[in-house]
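Count residues from 1 along the sequence. Keep in mind that the numbers below use all heavy atoms, side chains included, and drop hydrogens, waters and symmetry copies.
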Amino acid sequence: MNKLGFQQFISVTGASEKVAIQIMKTNDWHLEGALEAYYSQEHIKAATEKNRWEMLFNKYKDPNVDMINGVSLFRNDITRLSRVMFVLYCQFSSTRTLFFSSPVSQLSLNLKVLKSYLSQERVLKSGTEKNGNPGRTSPSHIVGVYGLSSFLVVLFMWIFSGFVPKISKTDRVLMCWWIFTGLTHMVLEGYFVFTPDFYKKTTPVYLAEVWKEYSKGDSRYAGRDAGVVSVEGITAVIEGPACLLAVYAIAAKKSYRHVLQIAICLGQLYGTLVYFITAILDGDNFSASPFYYYAYYIFANQFWIWIPTLIVIHCWKKICAAVKVHEQKTKTR
């Protein structure tokens with residue numbers, strides 16, 4: 001018998017011990033399963049849907065907006081009963097806003113937004129969709145379209161670069177990489193940044209379907225995590241166009257081409273590291289399953305670590321060689 005879970009169940013639901021024992025026993029004394037089963041009953045839904053969020057609001061409401069007591073209580077409850085609160089947030093709706101402030105910090109917590117985020121995360125973990133719109137396009141179709149379009153872009157650039165006079169194969173490969181990653185940043189990531197309601201799309205818009213699918217590997221995208229949106233925004237608006245400029249600079253043999261590539265690579269490395277580090281600091285538990293974790297979160301992002309690193313090394317050597325030649329010419333004068 002899970003005594004702690006039993007007590008938490010009664011505390012959260014207000015059910016009698018007899019009902020609590022019955023439901024907990026039916027669900028093998030697993031708290032989450034018991035809560036799900038309890039609140040899935042229609043008469044319970046009808047009785048609690050109306051006023052549950054108002055009760056939560058009143059619980060954390062601070063009589064003095066200059067105090068942080070309400071926030072502290074809320075934080076402590078989330079820390080202690082994170083899974084319990086998670087289920088509750090998924091079950092009930094609210095349009096109320098909790099606002100607390102202090103001389104040190106201000107916090108505006110919209111419960112509706114929080115519920116939306118947690119509901120989406122619940123959907124991703126369970127593989128079902130109740131509060132949003134599920135992906136309508138199969139993963140194989142999404143990956144297939146992205147892979148084919150990327151191949152055609154790279155093929156076009158490889159053929160085009162062949163007409164550039166006196167260009168090395170390394171530079172041709174670099175042009176292919178920069179056109180691929182530049183369009184990925186601008187089109188794919190740009191759509192995510194400037195379409196905050198992509199998860200609510202009812203029609204099968206391909207780019208929305210891409211992010212619905214990818215959110216199975218990182219639910220922060222469905223939840224519009226501020227850190228993720230910031231990183232993706234900088235990537236789409238600044239690094240994307242810079243990648244296309246790099247294609248032109250290499251083809252035209254501009255003197256700044258190596259410096260530009262190093263700058264872009266450092267930006268990509270920084271963004272990728274921030275992306276992974278923030279996930280680790282937040283628990284690194286945003287995927288629906290180990291498969292999505294490694295296939296989407298790890299595999300799909302690892303290219304933007306080792307490829308920019310190799311490009312930095314390549315450009316660094318080119319710059320060093322050019323400076324060395326320049327210094328030798330200066331000495332002979």
Side-chain angles (χ1 to χ4, degrees), residues 137-194 205-207 209-211 213-214 217 231-232 234-273 275 294-322 325:
T137 307
S138 66
S140 59
H141 177 75
I142 292 173
V143 175
V145 171
Y146 178 70
L148 178 61
S149 58
S150 299
F151 173 77
L152 293 176
V153 167
V154 170
L155 179 62
F156 164 78
M157 183 52 60
W158 179 259
I159 296 174
F160 173 79
S161 63
F163 293 98
V164 177
K166 298 180 180 180
I167 185 172
S168 66
K169 288 185 178 180
T170 299
D171 283 341
R172 292 180 67 186
V173 171
L174 288 174
M175 290 177 67
C176 292
W177 165 253
W178 289 126
I179 191 70
F180 160 75
T181 189
L183 292 178
T184 297
H185 292 333
M186 295 175 65
V187 178
L188 201 60
E189 295 168 75
Y191 179 86
F192 164 75
V193 172
F194 296 106
V205 179
Y206 174 74
L207 292 177
E209 297 298 299
V210 170
W211 289 112
E213 181 64 23
Y214 182 78
V231 170
E232 294 288 13
I234 294 173
T235 302
V237 175
I238 298 178
E239 294 178 12
C243 291
L244 301 187
L245 178 60
V247 174
Y248 164 75
I250 295 173
K253 295 181 172 60
K254 294 295 183 179
S255 58
Y256 59 79
R257 63 186 183 276
H258 297 304
V259 175
L260 175 63
Q261 291 179 81
I262 288 179
I264 300 171
C265 288
L266 291 178
Q268 291 178 329
L269 287 170
Y270 177 80
T272 307
L273 289 175
Y275 174 67
Y294 289 105
Y296 293 174
Y297 179 70
I298 299 296
F299 179 77
N301 290 288
Q302 50 92 20
F303 296 102
W304 279 269
I305 294 180
W306 64 268
I307 293 180
T309 300
L310 292 178
I311 295 176
V312 168
I313 295 173
H314 168 75
C315 293
W316 181 269
K317 290 181 178 179
K318 289 290 184 180
I319 293 174
C320 291
V325 170

- In a check of side-chain contact (heavy atoms from CB on, under 4.5 Å) between C315 and each of L310, I262, V259, which one passes? I262
Donor-acceptor contacts under 3.5 Å from residues 154-174 side chains, at least two apart:
residue, atom, partner, partner atom, Å
S161, OG, M157, O, 3.0
S161, OG, W158, O, 2.8
S161, OG, R172, NE, 3.0
S168, OG, D171, N, 3.2
R172, NH2, W158, O, 2.7

- Task: Begin with the C-alpha distance, continue with both residues' side-chain angles, and end with the deciding distance and a verdict on side-chain contact (heavy atoms from CB on, under 4.5 Å) for F192 and L207.
- Result: CA-CA 8 Å; F192 164 75; L207 292 177; over 6 Å; no
- Task: May I ask you to test the S150-Y146 pair for a side-chain heavy-atom distance under 4.5 Å?
- Result: yes
- Task: Kindly check if the number of other-residue, nucleotide or ligand heavy atoms within 6.0 Å of NZ (K253) is above 12?
- Result: yes
- Message: Does I311 form a side-chain contact (heavy atoms from CB on, under 4.5 Å) with I264? I'd like the steps, not just the answer.
- Response: CA-CA 10 Å; I311 295 176; I264 300 171; over 6 Å; no
- Looking at L244 and G182, what are the two nearest heavy atoms and their distance? CD2-CA, 4.4 Å
- Note on the structure: Of W178, Y256, W316, the one forming a side chain to side chain donor-acceptor pair (under 3.5 Å) with Q261 is W178
- Are there more than 12 heavy atoms of other residues, nucleotides or ligands under 6.0 Å from atom OH of Y294? no
- Results of side chain to side chain donor-acceptor pair (under 3.5 Å) for Y275 - residues two or more places apart only: Y214, D218
- Message: Are T137 and V145 packed together at the side-chain level, in the sense that at least one heavy-atom pair is separated by less than 4.5 angstrom?
- Response: no
- Task: Kindly check if the number of other-residue, nucleotide or ligand heavy atoms within 6.0 Å of OH (Y206) is above 12?
- Result: yes
- Note on the structure: One should read off an interatomic distance between Q268 CD and N301 CG, to the nearest 0.5 angstrom, of 11.5 Å
- For the student: nearest non-hydrogen atoms of L260 and A249, plus distance: CD2-CB, 4.5 Å
- Qualifying residues under salt bridge (Lys or Arg N to Asp or Glu O under 4.0 Å), relative to E189, sequence neighbours excluded: none
- Note on the structure: Heavy-atom nearest pair, H185 first then G240, reads CB-CA, 3.8 Å
- Message: Please check: side-chain N/O of T181 versus main-chain N/O of W177, any donor-acceptor pairing under 3.5 Å?
- Response: no
- So which heavy atom on P241 is nearest to which on M186, and how close? N-SD, 3.7 Å
- Message: Below 30° counts as parallel, above 60° as perpendicular, anything between as tilted: where do the rings of F303 and W306 land?
- Response: tilted
- Task: Could you grab the distance from atom CD1 of I238 to atom OG1 of T235, nearest 0.5 Å is fine?
- Result: 9.0 Å
- Whether H258 and H314 hold their rings parallel, tilted or perpendicular, with breakpoints at 30° and 60°: perpendicular
